[in-house]
Amino acid sequence: MDDKSYEIFIIFSMLRKLNGLNKQRVESFGLNNLEYIILFHIDKIENLTQKDLVNKLQMPKQTINSIILNLKENDFIYMQASKEDKRVKTLLLTEKGENEVKRITDSLKASNKEIYDQLGEGKINSIKDDLNDIIDVLENIMKREDI
């Protein structure tokens, strides 16, 4: 592996490590990362359906369905027929789900604020810009290669 390729490999390794650390934070609350992500989306987006989650998260329908069934079984969410189309079921948080999202979000906000305060606005914006640049370049390469 040449030096340039190795440097990009290191960036992706660092991102995997960062993602793993973030997953650990969420899992310390007893939910897996995907369960929390789905609960968070249900909390923030009105009239959200399973199909919306599949499209938004770009994950297989069966994966989303399995997580939703688990969240329903644990009384975090329920499904309600849409007023416009009874075949469409929207996802809503139960009171238990609302409390859980608030508990986790409050804790994550505190640690996220600490990260932000330690790094500062300039560095945070620079990291976001750099990651967006990498995403753009990789997407263009993948389009060109029909991946």
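Between E121 and Y116 there is a side-chain heavy-atom pair separated by less than 4.5 Å. Contact check for E35 versus V26: no side-chain heavy atoms found under the 4.5 Å cut-off. In this structure, the side chains of L108 and Y36 come closer than 4.5 Å at one or more pairs of heavy atoms. Using a 4.5 Å heavy-atom threshold, the side chains of L71 and L39 count as touching. Between N112 and R25, the closest side-chain pair of non-hydrogen atoms falls below 4.5 Å.
Of the possible polar contacts, one joining the T105 side chain to the V101 backbone as a donor-acceptor pair under 3.5 Å is found. K89 places a side-chain N or O within donor-acceptor distance of the main-chain N or O of K86, the cut-off being under 3.5 Å. No donor-acceptor pair closer than 3.5 Å links the side chain of S126 to the backbone N or O of G122. Side chain of N19 to main chain of L15: no donor-acceptor pair is present (N/O by atom type, distance under 3.5 Å, no hydrogens or angles). Using modelled atom types, no side-chain atom of K143 and backbone atom of L138 make a donor-acceptor pair closer than 3.5 Å. No side-chain donor-acceptor contact under 3.5 Å links S107 to the backbone of I104. The main-chain N or O of D136 is found under 3.5 Å from a side-chain atom of N140 such that the two form a donor-acceptor pair. The backbone N or O of D75 lies less than 3.5 Å from a partner atom in the side chain of T94, making a donor-acceptor pair.
A donor atom on one side chain and an acceptor atom on the other are not found under 3.5 Å apart for S5 and D2. Judged by distance alone, the side chains of Q62 and S66 do bring a donor and an acceptor atom under 3.5 Å apart. No side-chain donor-acceptor contact under 3.5 Å links E27 and N32. Side-chain polar atoms of T90 and Y78 form no donor-acceptor pair below 3.5 angstrom.
D52 and N47 make their closest contact through OD2-O, 3.5 Å (heavy atoms, listed as atom of the first residue, atom of the second, distance). In plain terms, the two heavy atoms of I37 and H41 that are nearest each other are O-ND1, 2.7 Å. For the residue pair I64 and Q50, the shortest heavy atom distance occurs at CG2-O, 4.2 Å. The nearest pair of heavy atoms linking F29 to E100 is O-OE2, 3.6 Å.
Dense packing is recorded around CZ of R16, with more than 12 heavy atoms of other residues, nucleotides or ligands lying under 6.0 Å away. With a 6.0 Å radius and a threshold of 12 heavy atoms from other residues, nucleotides or ligands, K61 has its NZ atom at or below the threshold.
How far CD1 of I42 is from CZ of F76: 11.5 Å, rounded to the nearest 0.5 Å. Rounding to the nearest 0.5 angstrom, the gap separating the CG atom in L91 from the CD atom in Q80 is 10.5 Å. Note: I127 CD1 to L119 CG = 5.5 Å, rounded to the nearest 0.5 Å. Here the CD1-CG distance, from I77 to L93, works out to 8.0 Å after rounding to the nearest 0.5 Å. Interatomic distance, Q58 CD to L53 CG, rounded to the nearest 0.5 Å: 12.5 Å. Considering CG of L34 and CD1 of I68, their distance stands at 11.5 Å, rounded to 0.5 Å.
I135 and M14 fall into different hydrophobic clusters, where Ile, Leu, Val, Met, Phe, Trp and Tyr are joined by side-chain heavy atoms under 4.5 Å apart, directly or via other members.
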With side-chain hydrogen bond (donor to acceptor under 3.5 Å, both in side chains) as the test, would you mind laying out the steps for D129 and N125 before giving the verdict? CA-CA 6 Å; D129 291 344; N125 288 332; over 6 Å; no
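The pair E7-K4 does not count as a salt bridge, with every side-chain nitrogen at least 4.0 angstrom from each carboxylate oxygen.
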